[in-house]
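Worth saying up front: this structure is predicted, and the values here are computed from it rather than measured. Within every chain, numbering begins at 1; the chains are lettered A, B, ... in the order of the sequence lines, protein sequences first and strands thereafter.
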2 protein chains.
Amino acid sequence: MSLPHAILTALMEKPSSGLELTRRFDRSIGYFWSATHQQIYRELGKLETGGLIRALPAEQPARGQKKAYEVLPAGRAELARWTAAAQDPKPMRDVMLLRLRAAAVVGTAGLEADLRRHLELHEQQLAEYREIERRDFPPGKDGPEDRLRHLVLRAGIDLETFWTQWLRRALTDFPDMPAPEGL
Amino acid sequence: MSLPHAILTALMEKPSSGLELTRRFDRSIGYFWSATHQQIYRELGKLETGGLIRALPAEQPARGQKKAYEVLPAGRAELARWTAAAQDPKPMRDVMLLRLRAAAVVGTAGLEADLRRHLELHEQQLAEYREIERRDFPPGKDGPEDRLRHLVLRAGIDLETFWTQWLRRALTDFPDMPAPEGL
DNA sequence: GCACTTTTTGCAACTAGTTGCATAAAGTGC
DNA sequence: GCACTTTATGCAACTAGTTGCAAAAAGTGC
């Protein structure tokens, strides 16, 4: 149940409409909590009903017209409560690791190409993160909020670094292992 | 749609009943693709209906009685197809990173304790993986299947290593930053 | 042989996320 | 000023995963 809190965080940073939120989820926040616009609109509705946010007064609310939301005190309190509450880490779920495990029983045919493709994708993501770091966290910019956000970004950088290294290693000692023929 | 393939992989390694699968998901396979017994039973039903697996002949099938499944040729083919098919990596979703980001706007009160707890949990998991490596992959055991499975395990080890390092760093330069008082 | 627990299987309801599409307003080209 | 695209909001149906519970068989204690 984290999407509402992701939205509250984004709205605290800056009151926004659904579409603006969607765009920001495609960039910063979405890097570690992705969401589609449908999810966001649905959740905005629930948050408004629940009294955690409210629509900023607009001339006439109508379809196809921007409607911006801001966080109410109750929403802020809920976000603080959630942030402090203990939560267990979710067990990892990774398809590529599962596919490698499957390859150990049905053969590696066809897998190598996708490993290369993933390596490229992770390299791109890593480059993007590094660019953000260069742009948004120049030396000296280190207020408490910056320190926290930088820490989050560094997790992204280190994770992508891990994947690129692991994928390179996988490609290096990849056994050429066609599917065993008998059933 | 990976659960059926996780189950097929497990059944290829060894025909099993639902409960045996559940136990194995709690150990090896579940380390990177977790599932509850309810999910497993439901999926076994679908796989059987779909003709990908079949129940091994038992005396009389009845409730509360072990029913083991084995993979049929169609199931093996489907697993090979899925393994080779290109798939995009899923965008990451991590609650702790989100909480840190939230803490940048509502303050860090209460978070530190849970960071410590997570560090401990990740250290435990890392120790467990290392123990498995010591036990299951002694030097010399490196057939093609072993190489692949070892690669998967190493991803787990490196990921847990990353988390422990990152959490230690987070705790080190954690700003003491109570919630800003004004709304 | 009867109560009690454990093992094994499973259903039903709920929550979260995804996919596909619709509808209204506003801008754009000519 | 009319067709066409873009922006912005949203509903509905579907898929995957989680939670809570229960029922049948088999083992256990006395």
| task | Tell me, with the steps shown, if Tyr31(B) and Gln125(B) meet side-chain hydrogen bond (donor to acceptor under 3.5 Å, both in side chains). | result | CA-CA 10 Å; Tyr31(B) 286 140; Gln125(B) 190 64 60; 4.7 Å; no

Report the nucleotide, chosen from [options], that has the shortest atom-to-atom distance to any side-chain atom of [X].
X	options	result
Arg42(A)	dG17(C), dC21(C), dT8(C)	dG17(C)
Tyr41(A)	dG10(D), dG17(C), dT8(C)	dG10(D)
Gln38(A)	dT7(D), dG20(C), dT9(C)	dG20(C)

| request: Report the base-pairing partner of dA13(D) (Watson-Crick or G-U wobble, both distances below 3.5 angstrom), or none. | output: dT18(C)

| message | Applying the Watson-Crick and G-U wobble criteria at under 3.5 Å, what pairs with dC30(C)? Answer none if nothing qualifies. | response | dG1(D)

Return the value, rounded to whole Å, for the distance between atom [atom1] of [X] and atom [atom2] of [N].
X	N	atom1	atom2	answer
Lys67(A)	dA25(C)	NZ	P	13 Å
Leu19(A)	dA26(C)	CG	P	15 Å
Met1(B)	dG17(D)	CE	P	10 Å
His37(B)	dT9(C)	NE2	P	10 Å
Lys90(B)	dT18(C)	NZ	C1'	9 Å
Trp33(A)	dT18(C)	CH2	P	10 Å
Lys46(A)	dG17(C)	NZ	C1'	11 Å
Glu43(B)	dT18(D)	CD	P	13 Å

Expected list for residues 38-46 of chain B: side-chain donor-acceptor pairs under 3.5 angstrom, two or more places apart:
residue: Gln39(B); atom: OE1; partner: Thr36(B); partner atom: N; Å: 3.2
residue: Tyr41(B); atom: OH; partner: Leu19(B); partner atom: N; Å: 3.4

| query | Does Arg23(B) make a side-chain N or O approach to OP1 or OP2 of dT8(C) shorter than 4.0 Å? | reply | yes

| message | Measuring to OP1 and OP2 of dT19(C), would you say a side-chain N or O of Thr36(A) lies under 4.0 angstrom away? | response | no

| request: Could you check if a side-chain atom of Ile7(A) sits within less than 4.5 angstrom of a side-chain atom of Leu3(A), using non-hydrogen atoms only? | output: yes

| message | Does Thr22(A) reach a base, just sugar-phosphate, or nothing at all? Heavy atoms under 4.0 Å. | response | nothing

| task | Look at Glu78(A) together with Arg81(A) and state whether they make a salt bridge at an N to O cut-off of under 4.0 Å. | result | yes

| When you check the gap from the basic side-chain N to the acidic O, do Glu145(A) and Arg149(A) get nearer than 4.0 Å? | no

